[in-house]
Amino acid sequence: MEFQFTKIQGTGNDFVVIYEPSRERFAQINKIEMCKQICPRKFGIGCDQLLILHPDKKAKETNNDNKNSNNEASFEMRVFNSDGSEAQNCGNGLRAVGLYLLDREKIGSSLFSIHTIGGTYSGKVLSKEENFGMIEVTFQSPVVKKPFHEINIESKTFSGSLVNIGNPHFVIFCDLKSVSVTHDGPLIEKTFDGGINVEFAQVIENNNNIVTIKAFVWERGSGETLSCGSGASSIAWVIFQKFNKAKLVKIQMKGGEIQFRKINNQLVMMGPAKIIFDGKIKIYSTKK
Ligand SMILES: N[C@@H](CCC[C@H](N)C(=O)O)C(=O)O
């Protein structure tokens, strides 16, 4: 079965995006096999996550132009990690598909709305120049599930907050020099049933109500990535609870910076996305 795809990255977290109008067609595909063919960097196209976009079912049933009641073009995004596991959300992916939808003229204006398993998010493409854009996405209600969680592994103590922003995160505040993302990340992840995304974060500046954080990321199902949008959002949300004067939170990760504001208990993420190339791939296994 053949699919057109577009490779897109957001602060170095890279995606293969497939727009598939037919859910029935996509249902015939073995998702684990599909990820095995697409995600590996030496044996496939190479990406951290595979994102599948469908037109939103409900919006399509009520009108033809796919718009929801806020007049935003509405879509469904499914997120598959490189190991084939399905995730509930993807922050960088939301920005990436926003750019894609505008670039491919699947939305008339810059507004879009995306359903994921973890929730529905509204977004806006703030600016776009050729294949590059700045995109804003609003998270309605991130939840700090446990403000203080501590674990001990190999005589090291890791403490921080458990956050759910559609998908689960453990935000650990630490001295970044003391951690090894690829060693500590998977060990920490394994202490949670169903795994968790792990963010190692350090406040590097707190000035004039602007808090700047440096962070490293270990993603459930994909390993170390250069950036994680839902992870950065989780860190920002914890920071807004801790520093109630904070107006802007900047999260700097290996692949770039994402900025956050808190508006009426909503978290607004702003960051870049860039389209890299397009292609066509034949997926060989359709067995479920
Ligand atoms: N890179 C993503 C998160 C992708 C899913 C995550 N690994 C999970 O399993 O929950 C982001 O930008 O948020």
Side-chain angles (χ1 to χ4, degrees), residues 8 10 13 15 17-23 26-27 31 49-81 85-104 106-126 133-145 162-169 194 197 219-221 228-237 240 258-271 273:
I8 308 181
N13 182 190
F15 308 105
V17 177
I18 292 177
Y19 181 80
E20 176 51 70
S22 164
R23 283 177 172 71
F26 185 64
K31 314 303 181 288
Q49 274 94 29
L50 165 66
L51 305 177
I52 307 295
L53 267 178
H54 297 303
D56 175 23
K57 234 191 211 157
K58 274 201 207 117
K60 244 200 148 175
E61 275 162 16
T62 46
N63 55 46
N64 279 330
D65 59 2
N66 222 36
K67 296 251 174 82
N68 66 14
S69 51
N70 294 333
N71 209 30
E72 298 159 335
S74 189
F75 296 85
E76 180 191 327
M77 176 176 84
R78 291 185 68 183
V79 180
F80 295 93
N81 286 311
S85 59
E86 185 162 11
Q88 303 91 334
N89 189 13
C90 180
N92 288 326
L94 289 167
R95 297 199 317 280
V97 300
L99 178 67
Y100 171 88
L101 291 169
L102 187 64
D103 190 74
R104 302 304 147 99
K106 301 210 183 293
I107 52 177
S109 76
S110 54
L111 299 178
F112 60 91
S113 166
I114 307 286
H115 294 298
T116 65
I117 301 173
T120 299
Y121 307 99
S122 291
K124 187 178 183 182
V125 182
L126 301 173
M134 287 301 286
I135 300 100
E136 189 176 271
V137 173
T138 300
F139 296 94
Q140 302 294 342
S141 45
V143 180
V144 177
K145 295 214 81 129
L162 301 182
V163 181
N164 194 295
I165 186 148
N167 58 349
H169 295 266
N197 300 290
E219 283 196 38
R220 172 181 75 165
C228 174
S230 53
S233 306
S234 301
I235 301 170
W237 194 246
F240 280 120
I258 311 180
Q259 301 192 350
F260 295 87
R261 284 169 296 132
K262 185 182 166 208
I263 300 172
N264 302 330
N265 220 35
Q266 296 184 336
L267 184 69
V268 181
M269 165 180 76
M270 189 195 68

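- Between atom CG of residue N92 and atom OG of residue S233 there is a gap of 8.0 Å, rounded to the nearest 0.5 Å.
- The shortest side-chain heavy-atom distance between P168 and Q88 falls under the 4.5 Å cut-off.
- For R78, the salt bridge (charged side-chain N to carboxylate O under 4.0 Å, His left out) partners at least two apart in sequence or on another chain are E86.
- Of the N and O atoms on the side chains of N89 and S230, not one donor lies less than 3.5 Å from an acceptor on the other residue.
- Contact check for L102 versus I135: no side-chain heavy atoms found under the 4.5 Å cut-off.
- With R95 as the fixed residue, the side chain to side chain contact (heavy atoms under 4.5 Å, CB included) test singles out one of V125, V137, I8: V137.
- Put simply, the side chain of W237 does not reach to within 4.5 Å of the side chain of I165, judged on heavy atoms.
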Walk me through whether F75 and V97 qualify under side-chain contact (heavy atoms from CB on, under 4.5 Å). CA-CA 10 Å; F75 296 85; V97 300; over 6 Å; no

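- A cation-pi arrangement is present between K106 and Y19 under the rule of less than 6.0 angstrom and at most 45 degrees off the ring axis.
- Side-chain contact between M77 and C90: present, with at least one pair of heavy atoms (C-beta onward) separated by less than 4.5 Å.
- You'll find the side chain of F260 stays beyond 4.5 Å of the side chain of I235, heavy atoms only.
- When side chains are defined from C-beta on, N167 does not count as touching V79, because their heavy atoms never get closer than 4.5 Å.
- Put simply, the side chain of I52 does not reach to within 4.5 Å of the side chain of K31, judged on heavy atoms.
- Contact check for S113 versus T120: side-chain heavy atoms found under the 4.5 Å cut-off.
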